[in-house]
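Note that the coordinates shown come from a computational prediction; the quantities given were computed from them, not determined experimentally. Excluded from the calculations below are hydrogen atoms, water molecules and symmetry mates; all remaining heavy atoms, backbone and side chain alike, are included.
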Amino acid sequence: MFKTVLFPVDQSREAREAAEMVVHIVKNYSSRLIILSVVEAPAPEGESSAPEKMTSADAVAQLLKSAQSMFAQQGIEAETIEREGKPAFTICDVADEIGADLIVMGCRGVGLTEEGAADSVTNRVINLSPCPILIVP
């Protein structure tokens with residue numbers, strides 16, 4: 001049913017909690033797991049749309065490595081993808097590229113969009129996704 005699962009990660013508590021659900025789904029359906037993290041372009045001075053940590057390619061690479069290691073401890077071989085761009089659009093683009101059958105993500109990440117909570121990355125992904133999405137509270 002879920003041959004390919006996309007798990008976008010950031011440094012939020014919600015993403016860490018969603019990882020438990022990902023383990024369950026991937027093991028239950030013998031799915032291919034792709035972990036994605038998006039490096040956001042730094043905001044112009046005076047604006048703060050994303051925490052500094054997600055604008056650093058090194059921090060994102062380390063995040064992917066540690067997520068991959070955590071899944072390996074559960075006996076799951078995961079592939080990683082690092083992209084640059086706006087998170088919601090990038091998540092949906094990657095889901096389409098890899099033919100994802102499911103996106104699993106936390107209910108909110110480390111930052112809100114410039115429009116605020118009503119237009120969070122999660123809400124944008126829900127509206128743009130090419131496949132079903134499981135939002136973990």
Side-chain angles (χ1 to χ4, degrees):
M1 178 174 216
F2 300 119
K3 292 180 183 173
T4 303
V5 174
L6 177 63
F7 181 44
V9 296
D10 59 17
Q11 296 168 322
S12 68
R13 176 181 54 86
E14 289 81 6
R16 288 189 298 273
E17 291 172 358
E20 292 177 35
M21 183 64 67
V22 171
V23 168
H24 176 72
I25 291 168
V26 168
K27 285 185 172 184
N28 194 40
Y29 292 99
S30 300
S31 306
R32 170 182 173 215
L33 175 60
I34 310 291
I35 306 168
L36 168 69
S37 195
V38 181
V39 179
E40 295 183 63
E45 282 191 43
E47 295 180 31
S48 62
S49 63
E52 196 65 34
K53 295 174 184 171
M54 292 309 291
T55 60
S56 161
D58 290 338
V60 169
Q62 183 58 41
L63 175 66
L64 284 170
K65 185 177 179 180
S66 95
Q68 190 175 34
S69 173
M70 187 274 303
F71 284 111
Q73 291 173 359
Q74 298 290 326
I76 297 170
E77 186 177 323
E79 301 169 49
T80 60
I81 297 175
E82 179 181 328
R83 292 281 173 89
E84 185 174 325
K86 294 194 177 276
F89 298 109
T90 304
I91 291 165
C92 292
D93 286 346
V94 169
D96 192 39
E97 288 171 22
I98 66 170
D101 298 298
L102 179 68
I103 298 171
V104 180
M105 57 191 298
C107 60
R108 64 179 183 187
V110 293
L112 299 174
T113 64
E114 53 277 357
E115 287 80 24
D119 197 24
S120 68
V121 170
T122 302
N123 282 340
R124 284 187 177 175
V125 171
I126 289 168
N127 290 312
L128 298 171
S129 178
C131 65
I133 306 162
L134 174 61
I135 305 300
V136 180

- Nearest heavy-atom pair of Phe7 and Ala18: which atoms, and what distance? CE1-CB, 3.8 Å

- Message: Measuring from atom OG of Ser120 to atom CZ of Arg124, what distance do you get when rounded to the nearest 0.5 angstrom?
- Response: 9.0 Å

- Any donor-acceptor N/O pair, Ser31 side chain to Phe2 backbone, under 3.5 Å: yes

- Joint cluster assignment, Leu128 & Ile81, ILVMFWY side-chain distance < 4.5 Å: no

- Hey, does the side chain of Lys27 reach the backbone of Gly75 with a donor-acceptor pair shorter than 3.5 angstrom? no

- Note on the structure: Between Asp101 and Met1 the two heavy atoms that sit nearest each other are CB-O, 4.0 Å

- Here the pair of heavy atoms bringing Pro130 nearest to Asp96 is CG-N, 3.8 Å

- Residues Ile91 and Met105: closest non-hydrogen pair is CD1-CE, 4.3 Å

- Task: For residues Glu84 and Val38, report the shortest heavy-atom separation together with the two atoms involved.
- Result: C-CG1, 4.3 Å

- Item | Short side-chain to backbone donor-acceptor contact, Arg16 and Gln11, under 3.5 Å | yes

- Just jot down the ring-ring contact (aromatic ring centres under 6.0 Å, His included) partners of Phe89, sequence neighbours excluded, or say none. none

- Would you please say whether a donor-acceptor pair under 3.5 Å links the side chains of Asp58 and Ser56? no

- Message: If you count heavy atoms of other groups shown closer than 6.0 angstrom to CD of Glu82, is the number above 12?
- Response: yes

- Task: Could you point out which residue of Val94, Ile34, Val125, Leu134 forms a side chain to side chain contact (heavy atoms under 4.5 Å, CB included) with Ile103?
- Result: Val125

- Item | Nearest-0.5 Å distance that lies between atom CG in Asn28 and atom CE in Met21 | 11.0 Å

- Message: Please check if the number of heavy atoms outside Lys65 that lie under 6.0 Å from its NZ is greater than 12.
- Response: no

- Compare every heavy atom of Gly106 with every heavy atom of Thr122, then report the nearest pair and how far apart it is. OG1-O, 3.4 Å

- Between atom CD of Gln68 and atom OG1 of Thr80, what is the distance when rounded to the nearest 0.5 Å? 5.0 Å

- Rounding to 0.5 Å, atoms CG (Asp10) and CD (Glu40) come to a distance of 8.5 Å

- Rounded to the nearest 0.5 Å, what separation is found between the CD1 atom of Ile98 and the CD atom of Glu79? 8.0 Å

- Task: Consider only side-chain heavy atoms of I, L, V, M, F, W and Y, link residues closer than 4.5 Å, and tell whether Met70 and Val104 are in one cluster.
- Result: yes

- pair Val22-Phe71: side-chain heavy atoms closer than 4.5 Å: yes

- Task: State the CG-CG distance between Leu33 and Leu102, to the nearest 0.5 angstrom.
- Result: 10.5 Å

